[in-house]
Amino acid sequence: QVQLVESGGGLVQPGGSLRLSCAASGSTDSINRIGWYRQAPGKQREFVANLDRGNIIAYSDSVKGRFIIFRDHTKNTVDLQMNRLKPEDTAVYYCNADLLTDPWDYWGQGTQVTVSS
């Protein structure tokens, strides 16, 4: 199993930037894919971005061109650089991982991102 801890959320104005980090611990060598989901009030949780063991990256259409997911090897985290933020990006952002060895997903506790003037 793995444990996922997010950090970096906060309040930002429209057009601004924010960087989220996900620190994974435990059986990290077994991680197949790791990435980010978000859930806005009253909406279902939705996919944002992820990268797999081969470093193949996927983005949702709503964030493509604005968000960048990458591994920060100095911090041993998977980060989400969010640029040109919009009010509709407001949500709780969750780190997510699935393992080669387990049939279920792992989730962090979430971090709030609010985009508002």
Side-chain angles (χ1 to χ4, degrees):
Q1 59 181 356
V2 293
Q3 295 77 43
L4 305 173
V5 178
E6 304 97 335
S7 61
L11 173 65
V12 63
Q13 292 187 340
S17 297
L18 208 57
R19 178 170 165 173
L20 306 181
S21 291
C22 174
S25 60
S27 303
T28 56
D29 288 345
S30 297
I31 292 176
N32 179 38
R33 284 174 300 195
I34 186 167
W36 294 88
Y37 283 70
R38 67 186 182 186
Q39 187 166 19
K43 295 188 176 181
Q44 289 189 330
R45 194 171 295 189
E46 64 175 6
F47 169 76
V48 176
N50 67 14
L51 53 81
D52 70 10
R53 293 172 67 85
N55 288 322
I56 294 175
I57 293 172
Y59 295 101
S60 70
D61 287 343
S62 61
V63 307
K64 198 175 295 183
R66 298 188 298 121
F67 290 12
I68 302 170
I69 186 171
F70 62 99
R71 299 182 191 275
D72 187 325
H73 295 286
T74 63
K75 300 188 304 178
N76 198 26
T77 59
V78 174
D79 288 8
L80 185 69
Q81 176 66 42
M82 305 185 294
N83 302 316
R84 304 202 310 273
L85 282 160
K86 305 175 182 179
E88 51 264 43
D89 294 318
T90 295
V92 178
Y93 283 70
Y94 296 91
C95 185
N96 165 271
D98 64 270
L99 305 188
L100 296 171
T101 52
D102 295 339
W104 50 81
D105 283 11
Y106 291 86
W107 297 91
Q109 81 286 353
T111 185
Q112 176 70 47
V113 171
T114 302
V115 184
S116 175
S117 54

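Scope of the values below: all heavy atoms of this structure, side chains included, with no hydrogens, waters or symmetry mates.
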request  = Could you state whether Trp104 and Leu99 fall into the same hydrophobic cluster, counting links through intermediate Ile, Leu, Val, Met, Phe, Trp or Tyr residues with side-chain heavy atoms under 4.5 angstrom apart?
outcome  = yes
message = I need the full list of ring pair (Phe, Tyr, Trp, His ring centres under 6.0 Å) pairs touching residues 39-92, with sequence neighbours left out, sorted by first then second residue.
response = Tyr37-Phe47
query = Out of curiosity, Thr90 OG1 to Gln112 CD, how far, rounded to the nearest 0.5 Å?
reply = 7.5 Å
request  = Working to the nearest 0.5 Å, report the span between SG of Cys22 and CG of Asp79.
outcome  = 9.0 Å
ask   = Ignoring hydrogens and geometry, is there a side-chain-to-backbone donor-acceptor pair from Ser117 to Gln13 under 3.5 Å?
value = no
request  = Among Val113, Ile69, Val12, Val48, find the one that has a side chain to side chain contact (heavy atoms under 4.5 Å, CB included) with Met82.
outcome  = Val113
inquiry  = If you compare all heavy atoms of Ala91 against all heavy atoms of Ala40, which two are closest, and at what distance to 0.1 Å?
reply    = CB-N, 3.8 Å
request  = Return yes when atom CG of Asn55 has more than 12 non-hydrogen atoms of other residues, nucleotides or ligands closer than 6.0 Å, and no otherwise.
outcome  = yes
message = Applying a strict under-4.5 Å side-chain criterion to I, L, V, M, F, W and Y, I'd like to know whether Trp107 and Tyr93 cluster together.
response = no
task = Quick one: pull up OH in Tyr106 and OG in Ser27 and give me the separation to the nearest 0.5 Å.
result = 7.5 Å
ask   = Just wondering, are more than 12 heavy atoms of other shown residues or ligands nearer than 6.0 Å to CG in Asp105?
value = yes
task = Check whether the side chains of Ser62 and Ser60 place a donor and an acceptor atom closer than 3.5 Å, and report yes or no.
result = yes
query = How many angstroms lie between atom CZ of Arg53 and atom CD1 of Ile34, to the nearest 0.5 angstrom?
reply = 12.0 Å
query = Which residue pairs satisfy the salt bridge (charged side-chain N to carboxylate O under 4.0 Å, His left out) criterion with at least one member in residues 36-48, sequence neighbours excluded?
reply = Arg38-Glu46, Arg38-Asp89
task = Taking all non-hydrogen atoms of both residues into account, name the closest pair between Ile31 and Ala97 and its distance.
result = CG2-CB, 4.5 Å
Close side-chain approach of Ser7 to Thr111, heavy-atom, < 4.5 Å = no
ask   = Would a hydrophobic clustering, with Ile, Leu, Val, Met, Phe, Trp and Tyr connected at side-chain separations under 4.5 Å, put Val92 with Val115?
value = no
Considering all heavy atoms, the nearest Leu80-Ala49 contact = CD1-CB, 4.3 Å
query = For the hydrophobic clusters of this structure (ILVMFWY residues joined by side-chain heavy atoms under 4.5 Å, transitively), does one cluster hold both Ile57 and Val63?
reply = yes
request  = Not counting sequence neighbours, which residues clear side-chain hydrogen bond (donor to acceptor under 3.5 Å, both in side chains) with Ser25? List them please.
outcome  = Gln3
key: Crowding at CD, Gln44 (>12 non-hydrogen neighbours, <6.0 Å)   = no
Short side-chain to backbone donor-acceptor contact, Glu6 and Cys95, under 3.5 Å = yes
Between CG on residue Leu100 and CZ on residue Arg33, distance to nearest 0.5 Å = 10.0 Å
ask   = Tyr94, Trp36: one ILVMFWY side-chain cluster at the under-4.5 Å cut-off?
value = no
query = Looking only at side chains, do Gln81 and Asn83 share a donor and an acceptor under 3.5 Å apart?
reply = yes
Value rounded to 0.5 Å, distance of CD in Gln109 from CG in Leu4 = 9.0 Å
